[in-house]
Amino acid sequence: MGGRAISSPNTLSSCNAIGRFAPSPTGPLHAGSLLAALGSFLNARAQGGLWHLRIDDIDPPRAVKGSVGAIQMSLETHGFQFDGDIQYQSAHTDRYEQALKALDELGDLFHCGCTRAMLGANGSCQNDCANKSFTTTEPTSIRVKVPQNTVIILNDSVLGGQNWHLGQQLSDFVVRRRDGLYAYQLAAAVDDASPLTTQVVRGRDLLDSTPRQVFLQRRLALSSPEYGHLPVIKDQYGAKLSKQQGAAALDNSHPAQNLRAALRALGQPSPPSGLKDSESVLEWSRSRWDPLRVPR
Ligand code: GLU
């Protein structure tokens with residue numbers, strides 16, 4: 001029997017594309033986060049894939065109470081339906097611990113006693129901590145060594161070919177912080193690895209994190225997802241909108257209008273003016289999504 005293609009968001013597609021939106025719970029969504037939500041959503045759904053909501057809550061000192069509820073409410077108001085339950089990085093600490101153990105077994109890790117003020121311009125250890133020993137009571141971060149000849153090459157779905165001489169830019173970076181918390185680079189590398197995630201679409205402010213995350217995935221023998229980096233929205237002073245800097249929260253009373261503005265910023269076609277609700281705007285845009293139209 002000939003069946004009609006169904007684009008149910010809850011059906012695992014044959015292509016198994018899995019995208020995600022991964023806000024930190026540091027405040028309500030703003031116009032910049034809407035761009036990341038929309039780009040990652042359309043990129044996954046255009047391929048009939050799944051789209052997860054992951055809350056990057058591994059940094060409790062930065063968490064703002066009530067943000068998760070506010071983020072979820074704002075996404076729902078804008079017509080975004082995510083698949084499965086909300087994922088919380090705080091529930092994944094076993095994964096991160098195992099990754100640290102695996103890196104340690106490869107001989108890739110060292111303790112570093114440097115404070116922020118002691119680090120070099122690119123954040124690397126400048127004090128040869130790799131060759132020092134520390135007592136267990138001294139506060140240290142754990143860093144991964146990046147061999148000098150490390151080159152990361154990948155094809156960004158938005159920006160095209162990217163090429164980083166990572167080993168020449170960074171000799172090491174933090175995977176567990178001095179306060180004992182797992183670093184964003186480690187947690188994102190592990191959670192974003194395929195098959196948990198097959199596509200990461202996010203703001204260009206995170207572009208320089210990508211080679212570090214891909215480096216970790218390769219050391220851990222994990223498959224990297226496809227990456228795509230979207231433009232970031234700047235404030236009147238040219239700084240990236242950020243929740244921590246108190247960027248204005250999205251006005252949830254005009255979701256379709258917000259989506260239209262975000263689609264324009266992503267270089268996508270404008271939905272017909274007759275489409276008034278956010279679900280119709282998203283559905284119309286889904287089949288027309290083209291990452292190559294996103295401004296570079
Ligand atoms: N949680 C990070 C943030 O909100 C983004 C993580 C990501 O998309 O990789 O900036």
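This structure is a prediction, so every number in the text was calculated from the model and none was measured. Order of listing sets the numbers, starting from 1, for every ligand and every atom in it.
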Undergrad: Is Ala188 near ligand 1, meaning one of its heavy atoms is under 4.0 Å from it?
TA: no
Undergrad: Does the ring centre of Trp51 sit less than 6.0 Å away from the ring centre of Phe80?
TA: yes
Undergrad: Using distance alone, with no hydrogens and no angle criterion, decide if Arg202 and Thr210 have a side-chain donor and acceptor under 3.5 Å apart.
TA: yes
Undergrad: State whether a side-chain donor-acceptor pair under 3.5 Å links Gln185 with Gln213.
TA: yes
Undergrad: Contact between ligand 1 and Arg20 is defined here as a heavy atom of the residue under 4.0 Å from a ligand atom; is it met?
TA: yes
Undergrad: Output the list of atoms in ligand 1 that are nearer than 4.0 Å to some heavy atom of Asp56, sorted by atom number.
TA: 1 (N), 2 (C), 6 (C)
Undergrad: Output the list of atoms in ligand 1 that are nearer than 4.0 Å to some heavy atom of Pro23, sorted by atom number.
TA: 1 (N), 4 (O)
Undergrad: Can you see which heavy atom on Pro23 is nearest to which on Arg54, and at what distance?
TA: CD-O, 3.3 Å
Undergrad: Got Leu206 and Tyr227 here, is their nearest side-chain heavy-atom distance under 4.5 Å?
TA: no
Undergrad: Any nitrogen or oxygen of Leu206, side chain or backbone, less than 3.5 Å from one on ligand 1?
TA: no
Undergrad: May I ask whether Tyr184 has any heavy atom positioned less than 4.0 angstrom from an atom of ligand 1?
TA: yes
Undergrad: Would you confirm whether Thr197, through its side chain, and Asp191, through its main-chain N or O, come within 3.5 Å as a donor-acceptor pair?
TA: yes
Undergrad: Output the list of atoms in ligand 1 that are nearer than 4.0 Å to some heavy atom of Arg202, sorted by atom number.
TA: 7 (C), 8 (O), 9 (O)
Undergrad: Would one find an N or O of Asp192, backbone or side chain, under 3.5 Å from an N or O of ligand 1?
TA: no
